[in-house]
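Questions regarding the structure given below will be posed in turn.
These figures come from a predicted structure and were not determined experimentally. Here is the naming used below: chain letters follow the sequence lines, and residue numbers restart at 1 for every chain.
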Amino acid sequence: MLDPKLLRTGLEQVVQNLARRGFVLDSGRYGRLENDRKALQVKVEQLRSERNDRSRMIGKAKASGKDIQPLLDEVQSLGDNLKLRAAELEQLQAELDGFLLGLPNLLDESVPQGNSEEDNQEVRSWGTPPVFDFPALDHVDLGAGIGELDFEAAALVAGARFSVMRGSLARLHRALIQFMLNEHVEQHGYEEIYVPYLVNAAALEGTGQLPKFGDDLFAVKGDQEFYLIPTAEVPVTNQVRDSIQSPEDLPLKFAAHTPCFRSEAGSYGKDTRGMIRQHQFEKVELVQIVRPEDSAAAHEELTDHAERILQKLKLAYRVVVLCSGDTGAGAAKTYDLEVWLPGQEKYREISSCSNCRDFQARRMGARWRNPATGKPELLHTLNGSGVAAGRALVAVMENYQQQDGSIRIPEVLQPYMNGLEVISLPKG
RNA sequence: GGAGAGGUGGCUGAGUGGUCGAAAGCGCUCCCCUGCUAAGGGAGUAAGGGUUAAAAGCCCUUCGAGGGUUCGAAUCCCUCCCUCUCCGCCA
């Protein structure tokens, strides 16, 4: 959420910033809502103040044994009027809140202008894509070849956009997760955290998935309103909701491994082959909760932590900064890590690292006590995949493939694979 | 699933219809005293919002959430959520 005060005092500036995303802020509607709110709120509070005064007088009169009936008569009409106006205000406030919750975050000045993915800008790249002296297969064919990746089995028990892994491949997937989590905890100073995979609506509103992006979520049937998490960002970042953090505890750095569930509504026909885009996938997520002045540096640091995973896996990748039109609603700035996939001969997103500034913090009520002012102030939140495990598996399979269809195990993962060096094809 | 207890400020915890946003203690901040240390004394210390260019001031809201009763609710009534204890069941 944006600062309501900023909207009141610097509307034009907000309108222009959001226009960079292609977002049109209806300033006429906002102006009307805000004007009405102001008038009504002043009125309601005035009425309440009056009522409180009268009630106090009645209390005093009663205590001193006077007749309070005349005072009661006098106050009669006040209550009804107040009730009516208060209800009006409540409705108006709800409308205004809805409007505010629907606004995306302000973009960082450094975010390049653009409309789509096409306009994202490469910041740097690492490694060189492997050159094969044979036709490279994609992970679907490789998985079928080793007999350990089965989409038909998944369709049988669930449907499209699910996968079943078996044997060494399933273990390799798990090895990736263990490796990444260990790196972040042992090398990068994150606290490992285990969190619920089902969350309530308030948490999703806190991180910005609701109210606007509910279509991407799976809601769970039952007495209580639960949603499957689309990313660990939701339960992890919401750890600080409605709280005031002590400055000495900052920054908070969490690393979590969770499955993620996405309906992928609106992506029909996109990445239908293989496990690039699934309803369920595993991810190791990094979250940092920092002082406002530290968030830009933390963003670079967090991105670097994700990059180190790819470096240790010796996977070629590039870092792009998302353009104004492609940056997610909650983010002020986002770096995507794109890993080279020989099967597609393309760089594909494997991590997304965002600085949300105070956008989520304001929704969550996540604050810290600034020693300089002694006052509670909003924190900054950041999150990034470090990295998506399913796609990392795809990348390893395709980049480490050999002519006979076998797959080498990256060195750093071998300890997690009981020393296994190659996943070979079944005999016969 | 059954039975009970409870949710109050950073924390502990009092408060059962009228200056209660809330006693007391702890913690924290500032000041004083004491040649260090220890101890002592005093003052202050919730959050959100409105009004304002901003501040001061003033006002409103908040004692788990939502409704209700009342001139007036932390206190009374209803519904829900959460936590804890015991029993049962269970990975």
| What is the nucleic acid contact for A:Lys38, judged by heavy atoms within less than 4.0 Å: base, sugar-phosphate only, or nothing? | sugar-phosphate

| said: Nearest heavy atom decides the nucleotide; on that basis, is A:Lys83 or A:Pro4 closer to the 5' end of RNA chain B? | reply: A:Pro4

| query | Which part of the nucleic acid, if any, lies within reach of A:Lys43 when heavy atoms closer than 4.0 Å are counted: base, sugar-phosphate only, or nothing? | reply | nothing

| Nearest-Å distance once atom C1' is located in both B:C76 and B:G17 | 8 Å

| query | So A:Phe218 and A:His279, would you call those rings parallel, tilted or perpendicular, with 30° and 60° as cut-offs? | reply | perpendicular

| query | Using 4.0 Å as the upper bound for N to carboxylate O, is an ion pair formed by A:Asp53 and A:Arg56? | reply | yes

| message | Measuring only the P atom in each nucleotide, how far is B:A24 from B:A46? A whole number of Å is fine. | response | 13 Å

| request: Assign A:Arg48 to base, sugar-phosphate, or nothing according to its heavy-atom contacts below 4.0 angstrom with the strands shown. | output: sugar-phosphate

| Is the closest side-chain donor-acceptor distance between A:Gln69 and A:Asp73 under 3.5 Å? | yes

| Salt bridge present between A:Arg20 and A:Asp108 (N-O < 4.0 angstrom) | no

| Which residue lies toward the 5' end of RNA chain B, A:Arg37 or A:Arg54, if each is placed at its nearest nucleotide? | A:Arg37

| query | Taking the same atom, C1', in B:C36 and in B:C26, what whole-Å distance lies between them? | reply | 27 Å

| said: Pairing donors with acceptors under 3.5 angstrom, does anything connect the side chains of A:Gln360 and A:Thr381? | reply: yes

| query | Quantified in whole Å, what is the C1' atom distance between nucleotide B:C84 and nucleotide B:G68? | reply | 29 Å

| said: Please give the distance between the P atoms of B:C31 and B:U85 as a whole number of Å. | reply: 45 Å

| said: Taking only the P atom of each, what is the distance from B:A23 to B:G10 in whole angstrom? | reply: 14 Å

| message | Tell me if a side-chain donor or acceptor on A:Glu148 pairs with a main-chain N or O of A:Ala144 at a distance below 3.5 Å. | response | no

| remark: Contacted region of RNA chain B by chain A, from 5' end to 3' end of the hits, cut-off under 4.0 Å to heavy atoms, spans B:G18 to B:C82

| query | How is A:Arg8 classified with respect to the nucleic acid when contacts are heavy atoms under 4.0 Å: base, sugar-phosphate, or nothing? | reply | sugar-phosphate

| query | Can a salt bridge be assigned to the pair A:Arg48 and A:Glu45 using a cut-off of 4.0 Å between side-chain N and carboxylate O? | reply | no

| query | Just wondering, are more than 12 heavy atoms of other shown residues or ligands nearer than 6.0 Å to CD in A:Gln91? | reply | no

| Gap in Å between the two P atoms, one belonging to B:A54 and one to B:U70, rounded | 41 Å

| task | Run the salt-bridge test on A:Arg29 and A:Glu95 with the 4.0 Å N-O cut-off and return the result as yes or no. | result | yes

| field | Intra- and interstrand pairs of RNA chain B - dot-bracket, Watson-Crick/G-U under 3.5 Å, | marks other strand | value | ((((((((.[[[..)..(.....]]]((((((.......))))))((((((.....)))))).[[[[[..)....]]]]])))))))....

| What distance, rounded to whole Å, do you find between the two C1' atoms, one in B:G50 and one in B:G41? | 41 Å

